[in-house]
Amino acid sequence: MAFSESVTTCLSPAVHYMICDLGFEKTETYDINNIVSENGEIRWQAITDHICYLESDQIVDYIKSVRSLGPVCASVNLHFKSMTKEQFVAQYALWFQWTNYAELFLEVFDVLQYAQTTEIALGLMKLTSCLERALGDVYLLIGKDCPFLLRDLLISEELAVIFGQTVMDVLRIFIGSPYGLNLRNVLWHGFASPQEIPVKYCAMLLFLTAGFGQLLQTYLLQTKHILIHRPYMTFISLEELNIFPDLNHETLALTEELVKLSSFVLKTMLPFWLAALTAFKQGRYADCMILLLPQLEVGLRLLFTATNKCPNRLLTAEVSLSIKSMLAKHLNNEEINQLPLVLEEPAMASEFLWDFLNHQEGPRVRDHLSHGEINLKTFPREVANQILAFAVTLLCRFSDEDMIAFKEHGVIKPLMNCASCYCSRFHPISRLKKQVLECMKSIHLWSELPVVPEEQVQAIKRFEGNAEATSAFVSKTLEILSQLHQYMPHKCYSSDDPVNSDQTDRLLTKLCDMHICTLYSPRSVLEIVVVLRKIITQCHQVSGQVIASIELRYKQWINKTLRSRQRQNYLRMLNSIKFLLPVLRLILVLITLELVNIHLVDKKNAFDYQQYLKFLKSILQYTENLVTYTNPEKNKWDETMELTNKALAKIKSFSDKKLTLMQLAT
């Protein structure tokens, strides 16, 4: 990656011209009093008059519009520079309230006064994400499902109705269109270096946000609508994200040296890295991530273009080269993508990136930050620590310098070790493993539930008839489990009692500890995993319902508050769980063995695959019916016996025909 030293911009010539030159070609000045009144009311016509359209269909001419708006932006910037903070607050603060984060926009005003390039870029990224979130809230005043992409949001009829089409066209000059300045995407995807973003565009977006607030107030007064802000998302189960040790001052000091030496860092982007480290040290964890995540993408793009010998793809600002496409197995020409192969050498980096940035059940940090879905003031240190620590391992790995001293340093080596053994936590396969273990723990609790003494049960004669049937079910379940045991991986095999609770739990734990490839899982694998996860979800719900019912009915039995029919139902339930317990364990073992062999599904031909899918869906149907029958309000415990009998027959038949994945493996 020697050419990283020579790269001076990541903007293509056309985009560089659009952002850095076009808006400076006209040099005339505009009287700010023609754009904003003395009391701060924005005169929109003075701005919209500068929007130029192509002759046909009222399509915005972005080139002419940016050229024409350049002097207007300069006037707005000078206007803000001439104001004190008190004047700005008095004149504009009210009009930022609609964003639900007014203080952020006051901070951006402070940044404009000093015009430090890295801070301007950071302010713009925060401003655009907050603005996008606020516009989504406005959209929901009259719309239903808010578009996920900013460009779709800005061209929506709903926002055109509320703010006016020409006003929305103004905003799209600056963000949301790849044909305009596209400031949001250019920054969030790491294409622009700090010095490439003109300060006046940040000032103009701050100004426009206030103008939107004024227009919105008029609309709300006319329509009597009330603007409701969607709640922020919060990261849950932070312990699942705990991979790397906590970064201390010594580690951060070494990292400052690393960024100056590593070829993973473009020299034009160095200020972003240093600012990210400063933000982390100051406890500004959201700022750290906003600065760092685009730089990770730049570094990966640099690696991608070097390893795949396509340097031209580094210089673009149309986001065709996303992180997802950079981590894909194949290039557009169907050749093997070399980047994941390079990343796998030092660490399971691809899996980490997929987990933290892409997988739907992962933290998806950049998505949530860039779309304004996170409260920046409460961004957790734990998340920032993990991504920054991961970045350190990439800095170490990809360098043209002799980095042995860094890699072996006492505070860096643990990070490298953690990275080298990382396994996916948020891929659907990994989530299924987690579900299996959680369901296993829930079912294990059945043995600890309080039960009525046997002599009291025997005193009710009507209940005795099901004992033989229950015993037959248990025997049939044992038979199938024993049959499955011959297909266990060697290190998981045990000749002990296959239905023993502790033995089954140990087996499931061992199976879930086995490594299963998650990268590049084909569609067929993911389709099967979806069904397996649904089955486990239903089993877990059944277990939860049984636990709640047993505890409640036992308490009522002891307190003698059960009527005669309720006592009968309670005893039927006690009888049913005697066979449901081993059956649910059987399903857990079956599902987990299939998961371990999941990649063999591609060996099935189309007909066998459909038959296999049909079999799994029949098990799913059984568990869904169990959820219904074990619902405390249904009390259909007798029906569970017939239902279970049919399910066991299907499992045994399918197993006898050797159609499961585990049987394909032998």
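Computation of the quantities below employed the complete heavy-atom set of this structure, encompassing side-chain atoms and omitting hydrogens, waters and symmetry-equivalent molecules.
- Looking at every heavy atom in both residues, I35 comes nearest to S75 through CD1-CB, 4.4 Å.
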Note to self: Before you tell me yes or no, could you show the steps for L376 and L369 under side chain to side chain contact (heavy atoms under 4.5 Å, CB included), namely the whole-Å CA-CA distance, both residues' side-chain angles and the distance that decides it to 0.1 Å?
What the structure shows: CA-CA 8 Å; L376 301 183; L369 273 174; 3.6 Å; yes
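- For the atom pair C146 SG and L140 CG, the distance stands at 5.0 Å (nearest 0.5 Å).
- One N or O on the side chain of T84 and one on the backbone of Q87 form a donor-acceptor pair closer than 3.5 Å.
- Using a 4.0 Å cut-off between a side-chain N of Lys or Arg and a carboxylate O of Asp or Glu, E256 and K260 do not qualify as a salt bridge.
- Under a 3.5 Å cut-off, the side chain of K329 and the backbone N or O of I336 do not form any donor-acceptor pair.
- With N308 contributing its side chain and C310 its backbone, the two residues share no donor-acceptor pair below 3.5 Å.
- Cation-pi contact between K126 and F105: absent, since separation from the ring centre below 6.0 Å together with deviation from the ring axis within 45° is not met.
- Residue-environment remark: CG (N248) exceeds the threshold of 12 foreign heavy atoms within 6.0 Å.
- Side chain of S263 to main chain of F398: a donor-acceptor pair is present (N/O by atom type, distance under 3.5 Å, no hydrogens or angles).
- Contact check for F304 versus E297: no side-chain heavy atoms found under the 4.5 Å cut-off.
- Aromatic ring centres of F80 and Y92 lie closer together than 6.0 Å.
- With hydrogens and angles disregarded, a donor-acceptor distance shorter than 3.5 Å links the side chain of H427 to the backbone of I429.
- Under 3.5 Å, the side chains of H330 and N337 contain no donor-acceptor pair of N or O atoms.
- Under a 3.5 Å cut-off, the side chain of K433 and the backbone N or O of T509 do not form any donor-acceptor pair.
- A donor-acceptor pair is defined here as one N or O able to donate and one able to accept, closer than 3.5 Å; no such pair exists between the side chain of W354 and the backbone of F426.
- Residues that satisfy the ring-ring contact (aromatic ring centres under 6.0 Å, His included) test with F235, not counting sequence neighbours, are F379.
- For the side-chain hydrogen bond (donor to acceptor under 3.5 Å, both in side chains) criterion with T9, the lone passing option out of E196, Q195, H16 is E196.
- A salt bridge links R184 to E132: one of the charged nitrogens lies within less than 4.0 Å of a carboxylate oxygen.
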Next item on the list: Given side chain to side chain contact (heavy atoms under 4.5 Å, CB included), test K377 with E103 step by step and report yes or no.
Entry: CA-CA 11 Å; K377 294 173 282 189; E103 56 266 43; 2.7 Å; yes
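- Counting only heavy atoms from C-beta outward, the side chains of T307 and L341 never approach each other to under 4.5 Å.
- Using modelled atom types and a 3.5 Å distance limit, the side chains of N385 and Y285 yield no donor-acceptor pair.
- The CG atom of L432 sits 7.5 Å away from the SG atom of C512 when rounded to the nearest 0.5 Å.
- For the side-chain contact (heavy atoms from CB on, under 4.5 Å) test with R366, the passing option among L292, N358, I323, I387 is I323; the others fail.
- Contact of the Q91 side chain with the V36 side chain is registered, since non-hydrogen atoms from C-beta on lie closer than 4.5 Å.
- Nearest heavy-atom pair, P245 versus C418, reported as atom, atom and distance to 0.1 Å: CD-SG, 3.9 Å.
- The nearest pair of heavy atoms linking V298 to G190 is CG2-O, 2.8 Å.
- The number of heavy atoms from other shown groups lying within 6.0 Å of CZ (R381) is above 12.
- Between F390 and F352, the two ring planes are parallel [angle under 30°; tilted spans 30° to 60°].
- Side chain of S420 to backbone of N417: a donor-acceptor contact under 3.5 angstrom is found.
- Between E351 and R425, every side-chain heavy-atom pair lies at or beyond the 4.5 Å cut-off.
- Nearest approach of V365 to I374, heavy atoms of both residues: O-CD1, 4.4 Å.
- A salt bridge links E25 with R67: the closest approach of a Lys/Arg side-chain nitrogen to an acidic carboxylate oxygen falls below 4.0 angstrom.
- Shortest non-hydrogen contact noted between L154 and G176 is CD1-CA, 4.0 Å.
- Partners of E119 by side chain to side chain contact (heavy atoms under 4.5 Å, CB included), not counting sequence neighbours, listed by chain and number: V111, Q116, L122.
- Annotation: side chain of L302 is not in contact with side chain of V265 (no heavy-atom distance under 4.5 Å).
- By the 4.5 Å heavy-atom criterion applied to side chains, F191 and P294 are not counted as neighbours.
- Between N182 and I19, the closest side-chain pair of non-hydrogen atoms is not below 4.5 Å.
- Checking side-chain atoms of T255 against main-chain N and O of T251 turns up a donor-acceptor pair under 3.5 Å.
- Counting only distance, with no hydrogens or angles, the side chain of S177 and the backbone of I173 share no donor-acceptor pair below 3.5 Å.
- Listed by chain and residue number, F148, Q360, D367, H368 satisfy the side chain to side chain contact (heavy atoms under 4.5 Å, CB included) test with R364 (two or more places apart in sequence, or in another chain).
- No donor-acceptor contact under 3.5 angstrom links the side chains of R172 and Y179, judged on distance only.
- Across W98 and T209, no two heavy atoms sit closer than the pair NE1-O, 3.2 Å.
- At a threshold of 4.0 Å, the pair E361-R533 counts as salt-bridged, since one of the basic side-chain nitrogens sits closer than that to a carboxylate oxygen.
- Looking at W188 and T128, their side chains come closer than 4.5 Å, going by heavy atoms from C-beta outward.
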